[in-house]
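All of these numbers come straight from a predicted model, not from anything done at the bench.
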Protein chains: 2
Amino acid sequence: MASRAGIVVTGTEVLTGRVPDRNGPWLAEQLRIVGVDTAEVIVVGDRPDDLRWSLRALAEQGLDLLITSGGLGPTADDLTAEIVGEVQDRPSVVDAELEQQIGAIVARLSAERGWQLDAAATAHAVRKQALVPVGASVLSPVGTAPGLVVPVADGRTGPLVVVLPGPPPELQAMWPLVLADAAVQSALAGRSELRQQTLRLWGTSESEIAATLRELGMRLDPLEITTCLHDGELEIVTRFGPSAQATYDSFAAAIGERYPETLFSTDGRTVDDLVADRLMEQNLTIATAESCTAGMLAARLTDRAGSSAYLLGGLVVYSNAAKQELAGVSKDLLDQVGAVSAEVALALAEGARDGLHADLGVGITGIAGPGGATPGKPVGLVHLCVSGNGRTMSRRILVPGSRAAVRTRSTVAALHLIRQLLTQ
Amino acid sequence: MASRAGIVVTGTEVLTGRVPDRNGPWLAEQLRIVGVDTAEVIVVGDRPDDLRWSLRALAEQGLDLLITSGGLGPTADDLTAEIVGEVQDRPSVVDAELEQQIGAIVARLSAERGWQLDAAATAHAVRKQALVPVGASVLSPVGTAPGLVVPVADGRTGPLVVVLPGPPPELQAMWPLVLADAAVQSALAGRSELRQQTLRLWGTSESEIAATLRELGMRLDPLEITTCLHDGELEIVTRFGPSAQATYDSFAAAIGERYPETLFSTDGRTVDDLVADRLMEQNLTIATAESCTAGMLAARLTDRAGSSAYLLGGLVVYSNAAKQELAGVSKDLLDQVGAVSAEVALALAEGARDGLHADLGVGITGIAGPGGATPGKPVGLVHLCVSGNGRTMSRRILVPGSRAAVRTRSTVAALHLIRQLLTQ
């Protein structure tokens with residue numbers, strides 16, 4: 001049987017949604033890679049009782065490993081190390097060596113960044129961060145907070161608890177130390193490889209896939225298949241043990257046979273990856289002219305390092321004057337067909353392409369809402385166009401939902417239009 | 001004592017981070033507004049055992065109300081209604097009226113959107129979505145899935161469970177029906193008002209605030225104060241009952257006295273809100289020229305409806321040629337001082353402002369990394385400039401962390417520079 005883990009993310013700012021949880025999903029994926037299945041992610045506020053409850057509840061579920069993130073900072077609401085010590089029956093004491101180490105880090109950071117810290121306040125914060133449950137092992141700080149590996153007290157049974165800092169870069173940098181820890185390795189002794197594969201489709205509904213899964217029926221038994229819609233893309237994610245590889249391969253082949261037009265990724269690559277890879281392979285450059293998305297496509301095309309190889313630049317043409325002056329759309333055309341039209345999307349694509357001397361241009365114009373609808377042009381209507389390399393492809397979409405949904409979906413639809421132009 | 005709730009978000013796609021959890025935080029905030037405190041958000045995969053465990057564990061914690069999101073779709077991995085019925089000791093049966101209602105919705109959507117659905121597959125999916133635990137009340141579907149309010153079986157004690165669909169627009173649209181439900185109102189009878197206020201600072205460290213909180217000491221006792229760093233901004237969020245209002249007011253005043261330069265929001269408004277409000281109040285227009293952020297600032301300036309009142313447009317000047325041709329930066333300047341320099345940031349701001357005939361122009365140029373560093377210009381170095389309305393403000397920042405962190409922080413820093421120019 002596979003090892004199972006639980007993750008406890010602490011922080012009222014996460015519980016209340018002021019900060020999205022980036023640690024729970026990241027840890028779940030890292031655990032999967034080493035063959036550990038995550039049962040739950042629990043988000044709790046900075047309240048000792050709730051943190052204590054969640055650790056005890058997960059322990060009672062019989063998990064092998066618990067991981068906490070956050071609550072290791074210098075303020076009084078940062079309580080994780082102490083509560084974990086209590087739950088594991090190990091009182092916390094100041095680790096003098098660690099106190100020195102953290103003090104040195106804070107002094108160095110202060111000097112580098114020109115902080116003016118109060119000496120007493122700093123000493124207090126450093127001492128707090130050097131509190132370690134007796135018998136725990138310390139993972140060296142990446143920021144100022146150390147990580148901890150805290151076994152349950154001798155003579156009791158329960159999961160090992162790994163305590164990690166909340167800032168995602170610190171947590172991620174500390175992960176190799178977690179995997180190298182002897183107690184962690186021993187807790188994970190029962191692990192077995194768990195594979196995960198993703199199929200991505202654009203233009204197939206969840207109901208169609210549900211019907212296909214029912215038809216394929218019990219042949220799929222050893223696979224754990226989940227589907228979800230994600231900005232208009234349908235993702236099929238499958239987890240399975242190594243012995244089910246052949247079953248998965250025939251399942252993926254069956255999906256490919258049934259949905260040859262809409263299945264666009266079988267190897268985990270996103271539409272962003274495919275667009276970037278094809279632009280690089282074909283040695284093409286691209287430029288954008290965006291109205292309702294106002295830079296979202298250009299920003300997304302530059303998410304990856306090295307994107308200067310293909311994105312030359314873009315135009316954010318929010319006003320009609322900008323459409324005319326920056327992208328060269330004629331006033332007559334705007335007067336005749338309106339800014340939200342297939343004709344203007346084409347003119348924007350050509351304007352971006354020619355104005356920036358790129359191989360391809362992309363135009364996006366639409367009504368993000370909630371205002372701006374006119375007769376025949378409802379909120380959510382968006383025209384897209386990609387032009388260049390000897391081809392032009394246009395698309396009209398009608399996106400339900402909020403302003404944010406319309407803008408995000410338009411950006412994704414534009415990426416798919418680029419992908420399609422580069423594929424066919 | 002306040003009512004307390006627990007939230008269970010289902011979906012392997014959320015547990016594994018393919019989709020961020022937008023429901024847990026939203027529900028926690030809605031509950032707070034009606035005086036209900038959220039103890040935990042638990043994210044579980046589409047596995048019956050784990051969902052069952054989380055519902056039972058939360059029930060044992062003695063909460064008054066549990067809310068689930070997701071797992072109501074047409075596929076076999078959508079199991080929530082059935083499991084909730086089981087945990088509440090109420091077997092599920094097909095609700096014939098609801099089956100008809102959902103069938104009509106699916107037929108209408110198919111007609112509108114041109115779906116080609118297999119009739120048998122659709123009927124099966126509709127019947128599945130019409131399964132209702134005996135004794136539960138049904139909340140009318142917003143999409144195709146109904147919500148459910150499921151009391152525990154007669155003769156047992158336990159929390160009320162509210163079952164909501166996973167897509168955030170559907171869940172949010174259904175919320176008024178939840179609050180209007182008689183069983184929900186009765187479960188929340190013990191609720192008491194919980195206020196929440198947010199202070200936002202730009203340029204004050206978490207250690208300084210920790211020291212201030214310690215100095216203010218026990219005067220703060222009735223307040224639940226949490227602090228967090230968020231893209232370089234420090235947020236202090238305080239929750240308290242109505243009787244502690246005066247304590248909160250004096251706390252907020254004390255922060256205002258100690259940090260007059262860095263405290264920028266006391267009423268919940270974000271820097272985005274403040275920039276938009278000040279542009280509107282002062283009747284000013286703005287344009288952007290972005291290199292490393294490549295449209296992120298323009299996209300963020302247009303997140304709000306009505307932003308066409310101030311954002312005219314922008315230039316994404318990723319390549320040096322684009323900097324010259326679109327923003328009019330001289331080749332000599334680029335050769336002399338390099339693209340990442342205070343001089344080029346100023347030239348970009350002026351180029352955007354003049355090229356788009358705006359009152360204000362913003363320029364951003366930096367090294368997002370991981371490549372691109374040169375001697376004296378490390379990854380994370382970003383120059384920002386805002387110019388117009390008779391003033392020019394420049395800033396140089398050095399952002400630690402990933403490419404994404406550098407780009408996001410630069411965008412936030414630019415918003416603060418605009419805010420500062422419009423304030424002083």
Side-chain angles (χ1 to χ4, degrees), chain A residues 12-13 15-20 24-26 28-29 38-44 46 50 53-54 57 61 73-75 77 115 117-118 121 125 169 205-207 210-211 213 226-228 230 235 294-296 298-299 302 305 308 311-314 316-319 322 326 356 370-371 401 403, chain B residues 12-13 15-20 25-26 28-29 38-44 46 50 53-54 57 61 73-75 77 115 117-118 121-122 125 169 205-207 210-211 213 226-228 230 235 294-296 298-299 302 305 308 311-314 316-319 322 326 356 370-371 401 403:
Chain A
T12 303
E13 71 276 15
L15 182 62
T16 56
R18 282 179 283 128
V19 175
W26 189 87
E29 177 60 13
T38 298
E40 289 93 16
V41 175
I42 302 190
V43 181
V44 295
D46 297 306
D50 293 340
W53 172 84
S54 61
Q61 204 192 356
T75 52
D77 57 339
W115 293 343
L117 299 183
D118 174 76
S205 78
E206 206 170 3
S207 294
L213 294 178
T226 57
T227 61
C228 80
H230 190 191
E235 283 186 357
M296 291 172 74
T302 50
S308 58
L311 184 87
L312 298 184
V316 177
V317 289
Y318 216 55
S319 67
L326 294 181
L356 281 131
R403 178 177 177 83
Chain B
T12 303
E13 70 275 16
L15 183 63
T16 55
R18 282 178 283 129
V19 175
W26 188 88
E29 177 60 12
T38 298
E40 288 93 17
V41 175
I42 303 191
V43 182
V44 294
D46 297 306
D50 293 340
W53 172 83
S54 61
Q61 204 193 354
T75 52
D77 57 337
W115 293 343
L117 300 183
D118 175 76
T122 305
S205 78
E206 207 171 1
S207 293
L213 294 178
T226 55
T227 60
C228 80
H230 190 191
E235 283 187 357
M296 291 172 75
T302 51
S308 57
L311 184 87
L312 298 183
V316 177
V317 287
Y318 216 55
S319 66
L326 294 181
L356 281 131
R403 177 177 178 85

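- Closest approach of A:Ile42 to B:Glu40, counting heavy atoms only: CG2-CG, 3.8 Å.
- When each of B:Gly371, B:Ala57, B:Ala322, B:Ala125 is scored by its heavy-atom pairs under 4.5 Å with chain A, the top score falls to B:Ala57.
- Heavy-atom pairs under 4.5 Å with chain A peak, among B:Met296, B:His230, B:Glu29, at B:His230.
- A heavy-atom distance below 4.5 Å is not found between the side chains of B:Thr226 and A:Thr16.
- Evaluation of the side-chain hydrogen bond (donor to acceptor under 3.5 Å, both in side chains) rule for A:Glu13 yields no partner, not counting sequence neighbours.
- Ranked by heavy-atom pairs shorter than 4.5 Å toward chain A, the options B:Pro20, B:Pro169, B:Pro25 are led by B:Pro25.
- With respect to chain B, the highest number of heavy-atom pairs below 4.5 Å among A:Ala28, A:Ala305, A:Gly24 belongs to A:Ala305.
- Checked against side chain to side chain contact (heavy atoms under 4.5 Å, CB included), B:Leu312 has the following partners two or more places apart in sequence or in another chain: A:Ser319, B:Thr285, B:Ala358.
- Contact of B:Leu15 with chain A is made through backbone and side chain together, with heavy-atom distances under 4.5 Å.
- The choice from A:Gly295, A:Ala210, A:Ala299 that makes the most heavy-atom pairs within less than 4.5 Å of chain B is A:Ala299.
- Both the backbone and the side chain of A:Asp50 come within contact range of chain B, each with at least one heavy atom under 4.5 Å from a heavy atom of that chain.
- Of all the listed residues (A:Ala211, A:Gly314, A:Gly313), the one sharing the greatest number of non-hydrogen pairs under 4.5 Å with chain B is A:Gly314.
- Counting all heavy atoms, side chain and backbone alike, A:Thr302 lies closest to B:Tyr318 at CG2-CZ, 3.5 Å.
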